[in-house]
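The block underneath contains the structure these notes are about, expressed in structure tokens.
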Amino acid sequence: MDFDLNDEQRLLKESVDRLILDQYQFQQRKQYMAEPAGYSAAMWDRFAEQGLLGLPFPEAAGGFGGGPIETMIVAEAFGRGLVVEPYFATVVLGGGLLRRAADPAVLAALGPQIVAGKLKLAFAHIERHSRYDLANVSTSAKKDGSGYVLNGAKSVAMHGDSADKLLVTARMSGGQMDRGGIGLFIVDATAAGVARQGYPTQDGLRAAEVVLTNARAELLRDNALPAIEHAVDEAIAALCAEAVGAMQSMQDLTLEYLKTRKQFGRAIGSFQVLQHRSVDMLVALEGARSMAMFAAVMAAEENPIERRRAISAAKSQIGRSGKHIGQEAIQLHGGIGMTLEYSVGHYFKRMTMIDALYGDADHHLTALAGLGGLFGAAA
Amino acid sequence: MDFDLNDEQRLLKESVDRLILDQYQFQQRKQYMAEPAGYSAAMWDRFAEQGLLGLPFPEAAGGFGGGPIETMIVAEAFGRGLVVEPYFATVVLGGGLLRRAADPAVLAALGPQIVAGKLKLAFAHIERHSRYDLANVSTSAKKDGSGYVLNGAKSVAMHGDSADKLLVTARMSGGQMDRGGIGLFIVDATAAGVARQGYPTQDGLRAAEVVLTNARAELLRDNALPAIEHAVDEAIAALCAEAVGAMQSMQDLTLEYLKTRKQFGRAIGSFQVLQHRSVDMLVALEGARSMAMFAAVMAAEENPIERRRAISAAKSQIGRSGKHIGQEAIQLHGGIGMTLEYSVGHYFKRMTMIDALYGDADHHLTALAGLGGLFGAAA
Amino acid sequence: MDLNFTEEEIAFRDEVRAFFRSAIPDSIRAKVAEGEGLTRDDMIQSQRILNKYGYCTPNWPVAWGGKDWTPVQVYLYQDEMQLANVPSPIAFNVSMVGPVIAQFGSEEMKKRFLPATANADIFWCQGFSEPGSGSDLASLRTRAERKGDKYVVNGQKIWTTLAQYGEWIFCLVRTNTEAKQQEGISFLLIDMKTPGITVRPIITIDGGREVNEVFFDNVEVPVENLVGQENKGWDYAKFLLGNERTGIARVGNSKAKVARIKELAAIEQSGGRPLIQDPKFREKLAAIEIELKALEMTQLRVVADERKLEKGRQNPASSILKLKGSVIQQQLTELVMEVVGPYAMPYQREFDGRNEPVVGPEYATEAAPMYFNYRKVSIYGGSNEIQRNIIAKAILGL
Amino acid sequence: MDLNFTEEEIAFRDEVRAFFRSAIPDSIRAKVAEGEGLTRDDMIQSQRILNKYGYCTPNWPVAWGGKDWTPVQVYLYQDEMQLANVPSPIAFNVSMVGPVIAQFGSEEMKKRFLPATANADIFWCQGFSEPGSGSDLASLRTRAERKGDKYVVNGQKIWTTLAQYGEWIFCLVRTNTEAKQQEGISFLLIDMKTPGITVRPIITIDGGREVNEVFFDNVEVPVENLVGQENKGWDYAKFLLGNERTGIARVGNSKAKVARIKELAAIEQSGGRPLIQDPKFREKLAAIEIELKALEMTQLRVVADERKLEKGRQNPASSILKLKGSVIQQQLTELVMEVVGPYAMPYQREFDGRNEPVVGPEYATEAAPMYFNYRKVSIYGGSNEIQRNIIAKAILGL
């Protein structure tokens, strides 16, 4: 057992940390968000140059063969920078779905385009009443010649507005909530029958509503749910790491504030109550960091029960720690923490959205309880 | 709306408070517990003299016609005194079962004996796997001539060892968990076929295991569950008030300790962290007090849904407040709070047992949620 | 002890209930129910209706439009107003500056301001907080120097709610820099149109423009705008803040929110059934309902005690109401977030003034902004940390 | 980064696992599993087995029976010991006084005490706390006056765990009343048979006799029983308390307790089905399991970091382990209470030495006493309030 990064990982970490430090200060980020796409095209190219877009792809797909630890390193830094580019949508989740569900040939064809920054993806899955359930799919897929046509409406597809291709879940057979019969399809975002409405999300990222009306689609995999679940679990592990970056920033900002802000003639950090509450924030942060590492290690696990237990445990911890740290960070800042001009609220909002992505803390607690918990009765 | 006590209630409160202050100091209580029965026979007579044993009985049964408010006044004082006499078992719960379930003639016959301190009761209901469920009864009742014979085993019958008569639930028809078919019986505690094992409970009161082997019994009521539930709801309201008395004492003891105990050269009550934690104890206490009042008001409600909602809400609040206050009281005292020689731990233990009596905080939260909560969707 | 309302009290409740639900336009009440922001016109329209029928300023002296209601009646009035999703009258007018003027102002000042304040002919805002003085309000530094029959005001206020609507502002200013902090403060009424006043909005994390900075640059204020005596402003401010704390429990609002959550959870699905049928969701809601019921009962106890208090004295238990009330309000916003699930994510305030269709159910649009915005309720009006300090000292004697 | 154990580490784990489960009598391990008290003989028997096989004092210097294990091995050793419900060796011997003597004692003292301490030939107890000095340990007042080649000790210690078994006691005593508090303290080893020592039991709320008061009335102690230098005792105490804090997380114990709770909840019924099938109960347990997993991972991170720390230095993160570990242990005792429901109520320690049948299931008898008793774990070894003070200062720089 060894928590140290190897040399390559250390280099990766240094370069990503440097990138965020140099290029992703709060004011710079504001400028990126003001660009037409809602993020910086130049930054996207920069990611490509630094090899970040190819990180988790196998070499056969033009990538660098990185695993969950490498993704964790990048995600944590991006969490500190509150990165708005569609890295999660395209590389982590989109790329993961391709790796887990598509034929190697498809991956080999699309991978290099992603790596080069030429292809962006989005996962269009959520429906009006599906909430956090990956098996709840009513969008229909019908065979049509060599391909399929899809009909249905998808909600809150992260970065769906700037994506070139959409990865879409649609039902090929079975009832709306059956685990079997769900296909994963790929659709050109600009194809006939694909209507998109893009909008910002609460955390300053982007998403889209997608309406599919006889939209032509290519099937990546039928009975795709297990593969989708694995890709989503890996994506959740990345979200956990991103959340840790955001929490660390909130903790740092709060401590800095407590040390400098004066009330009643002394730094407010000298008040014992605020000291103890900062300590509780730290405890929540360290618990989250530990569980994000656990998630990274378990994300590649092939046994779906063991993997889901770990991922649900981690996501639940992250959600709770994040809410605690976020709310306390605002409270300890007082009014200034509520303002858009100050960064802590932006971390709080991103943290809140991360909780709502792919299942909140309580959703995953229920899931873990359903799977029998973490420590066996026969330990 | 009026929170003031009327003149009679004020007199009652003054006399009970005085009794506790004069006769129920911590060291006195220790002596009462050392008596053979585990409580003071003299104190029981004193209760009779002061009219406390007849408080909730109608005049026709030799009582004084008091209601839930009067019981609340007594119970809160008894909570402060940590009274060990079987008042709850005999007067509140036993008396309540007689009032709710027995014929007026039976009540008129037994009531005066209770009022005079000559008859003690206990409710023998709990079975090995019934937990907090009043409908879960497997002890059997079979008709036998003019009466019944009972067979079964009952656990943790509060003050069952000193009771003269036992009020016993037994099944006359239906399956183990059916609401229908449950009879309430009265059994002579010394009758043939009644075996009792008495023991102390964690809080210094007494209870008994009761094994019934063809024990002869008299039926008080068939299909008795609704009446039993009402009596238990009234008893829970009294427990809530008793708990408030115990919590108030823990709060008082803790504040006193914080003001006198010195560490690092100053009273520990001057540390801001301990101040804020005392405030959170107070908030928990006031919430509990409010809900105990709510329970007292609603205990007489005939609509079982409205009544159960209120009682479950109150018992849940009491359980949570009590755990919070008890744990904090010990923690803020440090080591001294852990010792048997000091009173705060005794309140903590009584509070813990009250939570386990007739459903703990989570049990009643589930019950309330099942009943749709407190505030209607059409408010 | 009888915790049921009397027949008279029930009759009163029915009367105000009927009034609130008929007299105030549904369109305004619907906005309150969903947590949408009210326009300035909404606020003024609603307040003028209340004022017309004598339901605007019950806590004021009877001579100035107040009511001789019992504490229970006042409670029922507030509770029913909130349950009906009627906007509370502008707090700065009715709960803050109005009572201060009525208590401490001259007869002339009362005549000049009170009727206009009650009828929202003046829209007031509050100039208390400053950048350097948050919880430590008495450290404020905005100066008012007496020059002849004027004060010249220089300094900056912050967190001034709705200053963009404000026609007048009541300010704490320092009139004596030599005295001890609390003793050099005065309470001044300032016309916002006076030259030298600049208002700069502060956008909050929910995207709302609710608070502002207000800058004073040699602003000349006639001395007759001083409330009460010079250098006694801190006393008036304490009187005002005490009034603020009772209302802040907002039990009626929270009860209305609980009811709304139950309605919405019957629409939203989870695992193929309405969310309201999910036992865990029900328990989470029930846990808050218990806290809310306890708060309501505690508030009633405080209300009942008011009869026994000297007029104008504050029961320190009102700090408990603020503390619990704020936490419950915040928890309910979290529960609304949970009800709408992924539909909390779209940020739709961007659409204001545009014509894009609503994403997801209409009621989801304010879920996240309200959650973000409500973090303020444990910060403003004396943060919950300050409330705990107050309780520790005033009630517990620590 | 590789969070899997290496093959060598796994082999080591399997070895200690097999050892613990075969070498220590099942009767002793069953008592630990259920939270029953161990007798003095149980403790000594178990420790001597560990010592015989070299598994008693891994943290000691190799020359004195320690092991040159990696931090991971030490962790696995502790974890497996706790998972197997093997009693930890007497902490006063192995974690406290042993390392202090090994680090600061003379060669002669080491020879005299260390082998006997490892083999439990001496049963040690700890004399630190005093009635007036709880969290403020340095304010202790027990005097040791040098008279010739003896110290004469007068004063009182409190909370002395298992003093009734103690053959020797290591004490902090004041040898200089002029110096600043921390600078006049010495670390003294005292034979409990010395005249003038009185032990008085303190019964705790669970009915247990675990702690005691120890009185010293002109107790004469040879000067060679002084550890290290006079007036340097505070440094040795800090060294000792640091060692105490890592072990106190007790992750292995808590994992064993979780497993046991699952077994018991499969036996107990709720609503006509095994309690373990109740979704809410499962979630409550799962919530603690998540916290426990996070604690385990955090502990592993601290363990891994140890390699980089100067030998004997303490990672301040160990205060986090103490904080979380104590809360989790306490929560698990609450869950056991919930599992047994009404059967938590009978107080059966009264039966000790009598022959009455057990009320309810045997495993229920210790549920409430353990819940009561475990309130101590957030008090002793530096209360959780003190831990937060330490973290605020040492890690957060506040």
Side-chain angles (χ1 to χ4, degrees), chain B residues 126-133 136 155-156 158 175-177 197-209 261-265 268 271 273-274 277 323 326-327 330-342 344-346 348-349 352-353 355-358 360 362-363 365-366, chain D residues 129 131-139 158-159 202-208 210-211 267-272 274-275 278 280-281 284 330 334 337-338 340-351 356-357 359-361 367-369 371-373 375-376 378-380 383-385 388-389:
Chain B
I126 298 170
E127 298 180 2
R128 173 68 185 90
H129 286 298
S130 64
R131 196 166 286 264
Y132 302 124
D133 192 351
N136 190 334
S155 280
V156 201
M158 288 307 302
Q176 187 179 334
M177 314 208 34
Q197 178 193 359
Y199 49 82
T201 49
Q202 303 287 346
D203 49 5
L205 275 62
R206 303 276 310 175
E209 300 297 289
R261 169 76 169 172
K262 288 194 169 54
Q263 295 270 276
F264 305 101
I268 60 175
F271 288 100
V273 156
L274 304 190
R277 286 174 55 184
K323 185 182 274 189
Q327 292 182 350
I330 301 267
Q331 182 72 22
L332 268 49
H333 273 88
I336 186 76
M338 294 283 300
T339 66
L340 209 60
E341 289 171 35
Y342 188 77
V344 77
H346 294 264
F348 172 62
K349 290 198 286 185
T352 304
M353 291 302 106
D355 188 39
L357 277 170
Y358 299 103
D360 61 17
D362 272 345
H363 171 87
L365 178 62
T366 303
Chain D
S129 291
S133 69
S135 291
D136 184 10
L137 185 56
S139 68
I158 197 170
W159 313 128
I202 300 173
I203 311 298
T204 45
I205 50 173
D206 55 307
E210 209 173 51
V211 288
I267 299 171
E268 293 296 311
Q269 303 271 311
S270 171
L275 180 62
D278 178 59
K280 183 171 171 183
F281 180 81
K284 276 189 275 190
Q330 292 176 331
E334 292 179 32
M337 289 275 288
E338 188 170 333
V340 303
Y343 289 104
M345 300 175 75
Y347 177 70
Q348 307 200 41
R349 289 197 171 169
E350 192 93 336
F351 301 179
E356 305 191 41
V359 174
Y371 168 55
F372 299 148
N373 182 274
R375 302 315 307 167
K376 75 185 177 193
S378 51
I379 296 173
Y380 69 17
S383 73
N384 284 7
E385 290 72 35
R388 285 192 175 87
N389 286 347

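Scope of the values below: all heavy atoms of this structure, side chains included, with no hydrogens, waters or symmetry mates. Labels below follow one simple rule: chain letters A, B, ... track the order of the sequence lines, proteins then strands, and each chain is numbered from 1.
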Side chain / backbone / both / neither for [X] at chain D, heavy atoms under 4.5 Å:
X: B/Tyr132; answer: side chain
X: B/Thr352; answer: side chain
X: B/Met177; answer: side chain
X: B/Leu205; answer: neither
X: B/Asp362; answer: both

May I ask you to name which of [options] has the most heavy-atom pairs under 4.5 Å with chain B?
options: D/Gly360, D/Pro369, D/Ser383; answer: D/Pro369
options: D/Pro342, D/Ser133, D/Gly341; answer: D/Pro342
options: D/Ile202, D/Ile203, D/Val340; answer: D/Ile203
options: D/Gly272, D/Gly207, D/Ser378, D/Ser129; answer: D/Ser378
options: D/Glu338, D/Gln330, D/Glu385, D/Lys284; answer: D/Glu385

Original post:
Counting distance only, does the side-chain N/O of B/Lys349 pair as donor-acceptor with the main-chain N or O of D/Ile205 below 3.5 Å?
Top reply: yes

Original post:
Looking at B/Tyr199 and B/Glu209, what are the two nearest heavy atoms and their distance?
Top reply: OH-OE2, 2.5 Å

Original post:
Where do D/Gly132 and B/Gln263 come nearest, in terms of heavy atoms and distance?
Top reply: O-NE2, 3.2 Å

Subject >> Gap separating the NZ atom of D/Lys376 from the CD atom of B/Gln331, nearest 0.5 angstrom >> reply: 14.0 Å

Original post:
So how far is it from B/Asp203 CG to B/Met158 CE, rounded to the nearest 0.5 Å?
Top reply: 6.0 Å

Original post:
How far apart are the C-alpha atoms of B/Ile330 and D/Ile379, what are their side-chain angles, what is the distance that settles it, and do they pass the side-chain contact (heavy atoms from CB on, under 4.5 Å) test?
Top reply: CA-CA 9 Å; B/Ile330 301 267; D/Ile379 296 173; 4.1 Å; yes

Subject >> Option in B/Asp133, B/Val156, B/Asp360 with maximal non-hydrogen atom pairs under 4.5 Å from chain D >> reply: B/Val156

Original post:
Relative to each other, are the rings of B/Phe271 and B/Phe264 parallel, tilted or perpendicular (30° and 60° limits)?
Top reply: perpendicular

Subject >> Heavy-atom contact with chain B under 4.5 Å, split by part of D/Thr204 >> reply: both

Subject >> Under 4.5 Å from a heavy atom of chain B, the part of D/Leu275 involved >> reply: side chain

Subject >> Which residues share a side chain to side chain contact (heavy atoms under 4.5 Å, CB included) with B/Thr366, sequence neighbours left out >> reply: C/Glu283, D/Lys280

